[in-house]
Protein chains: 2
Amino acid sequence: MKLQKTTEYSLRILIYMAKESEKIHTAKSILENLNISDKYLRRIMTQLTKFGFITSVQGKEGGYFFAKKLEDISIADVINAFEGLEKYSGCVLGFEECSDENPCAFHYKWKEFRSNLIKFLKTTNLSNIEVEQILKF
Amino acid sequence: MKLQKTTEYSLRILIYMAKESEKIHTAKSILENLNISDKYLRRIMTQLTKFGFITSVQGKEGGYFFAKKLEDISIADVINAFEGLEKYSGCVLGFEECSDENPCAFHYKWKEFRSNLIKFLKTTNLSNIEVEQILKF
DNA sequence: TCTATATGCTACTTGTTTGTAGTATTTAAT
DNA sequence: ATTAAATACTACAAACAAGTAGCATATAGA
């Protein structure tokens with residue numbers, strides 16, 4: 001499992017926001033806590049808005065707040081929006097077409113493991129993280 | 001799980017060679033079966049040689065043959081040589097330091113899952129693939 | 001209406017991975 | 001020795017991800 005930096009940052013941002021999920025968060029307050037550069041963070045925020053995870057409010061007193069319930073934002077949802085989940089659930093050897101009918105050498109072993117991976121990504125969401133574990137950003 | 005193309009190709013090449021593991025394989029014969037360009041394939045072959053998976057024989061009648069027993073070449077070994085296994089066994093959120101003492105929000109959930117991932121990668125090797133499953137390259 | 005404080009958009013730069021091209025080296029066989 | 005058939009090396013090009021810079025837009029409040 002190795003996500004793109006942008007996806008990693010997106011998850012960190014959402015987790016940070018989830019700590020005070022009712023509050024409106026500004027880009028400024030987020031980048032002071034997470035170590036992400038101003039412009040890079042802003043681009044990610046805009047993408048998170050377009051993907052429907054958060055809502056943005058422009059102008060003074062503006063910022064971002066959740067557009068969905070925390071339990072409706074899983075790791076899989078975020079990965080899927082930024083990279084596409086298929087990227088991680090596809091064939092280990094990278095074959096376009098790899099199925100029971102036309103398997104690669106690792107297909108059957110991987111298939112079994114993969115269902116656990118997908119389950120992990122889909123069931124781990126912003127609501128079932130332990131608050132006391134949210135220590136670092 | 002999403003490996004780099006070079007790692008995917010390396011695994012495909014090794015699996016292809018493992019079909020006739022005693023034979024000496026030329027780059028030419030490999031690229032005729034796998035869809036990899038001549039120069040790219042040759043670079044990968046040289047790397048596989050340097051990493052000690054195969055031995056190269058230069059000159060006429062030359063080629064490549066296994067330098068190790070098939071059971072001693074696991075997916076994890078190949079990933080580790082080309083990309084470093086830590087890349088995939090590290091923190092999901094990409095934190096440098098992430099441990100029981102200093103966990104990220106997903107640490108405990110991921111930790112449990114990760115041990116299965118590592119086990120899968122370490123136990124799946126070139127000897128325990130079913131020959132009849134080697135259909136595609 | 002003006003200003004301060006927010007987010008949004010477009011273009012550029014840098015770094016890494018992927019893929020290509022050309023040339024050099026090695027060696028069995030004649 | 002020469003040739004043919006193989007691998008090795010170095011440099012470059014293209015594609016993509018990561019990161020930066022500057023200007024545009026929106027809006028609450030004085």
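Computed over heavy atoms, backbone and side chain alike; hydrogens, waters and symmetry mates excluded. The chains referred to below are lettered A, B, ... by the order of the sequence lines, with proteins before strands, and numbering in each begins at 1.
- For the pair B:Phe65 CZ and D:dA6 P, the interatomic distance rounds to 16 Å; values are reported in whole Å.
- A salt bridge links A:Lys111 and A:Asp100; the closest N-O separation between the charged side-chain nitrogens and carboxylate oxygens is under 4.0 Å.
- Atom P of nucleotide C:dT17 and atom CD of B:Glu8 are separated by 14 Å, given to the nearest angstrom.
- In this structure, B:Met45 places its CE atom 20 Å from P of C:dT26, rounding to the nearest Å.
- Between the P atom of C:dA4 and the NZ atom of A:Lys60 lies a distance of 9 Å, rounded to the nearest Å.
- B:Lys39 comes within 4.0 angstrom of a base, heavy atoms only.
- Rounded to whole Å, the distance from CD on A:Gln47 to P on C:dT7 is 16 Å.
- A:Ser74 and A:Asp77 share a side-chain donor-acceptor pair at under 3.5 Å.
- When every heavy atom of A:Phe53 is checked against every heavy atom of A:Ala81, the shortest pair comes out as CE1-CB, 3.8 Å.
- The phosphate of C:dG8 (OP1 or OP2) has a side-chain N or O of A:Thr46 nearer than 4.0 angstrom.
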CA sep, side-chain torsions, deciding dist, call: A:Phe66, A:Met17, side chain to side chain contact (heavy atoms under 4.5 Å, CB included):
CA-CA 8 Å; A:Phe66 281 103; A:Met17 288 178 65; 3.7 Å; yes
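- Annotation: of the two residues near DNA chain C, B:Val57 and B:Lys87, the 5′-most nearest-nucleotide partner is B:Lys87.
- Proximity of A:Lys50 to the phosphate of C:dC9: a side-chain N or O atom is located under 4.0 Å from OP1 or OP2.
- Each end of the helix from C:dT1-D:dA30 to C:dT30-D:dA1 gets its own axis, taken as the rotation carrying the C1' atoms of four end pairs onto the next four within a five-pair window, and the two axes meet at 10° to the nearest 10 degrees.
- Rounded to whole Å, the distance from OH on A:Tyr40 to P on C:dT13 is 19 Å.
- Residues A:Val78 and A:Phe51 form no side-chain contact, since every pair of their non-hydrogen atoms from C-beta on lies 4.5 Å or further apart.
- B:Gln58 has no side-chain polar atom (N or O) that falls below the 4.0 Å cut-off from OP1 or OP2 of C:dT27.
- The base of C:dG19 sits within donor-acceptor range of the side chain of B:Arg43, with an N or O pair under 3.5 Å.
- For B:Thr26, no side-chain nitrogen or oxygen approaches OP1 or OP2 of D:dA5 to under 4.0 Å.
- In this structure, A:Leu3 atom CG and D:dA18 atom C1' are separated by 15 Å, rounded to whole Å.
- Contact annotation: A:Ser37 side-chain N/O to D:dG19 OP1/OP2 distance is not under 4.0 Å.
- The CG-C1' distance, from B:Leu31 to C:dT20, rounds to 14 Å in whole Å.
- At a threshold of 4.0 angstrom between heavy atoms, the contacts of B:Thr6 are confined to the sugar-phosphate backbone, with no base atom among them.
- Side-chain atoms of B:Tyr40 and B:Thr6 form a donor-acceptor pair, as typed in the model, at a separation below 3.5 Å.
- Among the protein residues, B:Phe82 comes within range of no part of the nucleic acid, since none of its heavy atoms lies under 4.0 Å from any strand.
- A salt bridge links B:Lys2 and B:Glu8; the closest N-O separation between the charged side-chain nitrogens and carboxylate oxygens is under 4.0 Å.
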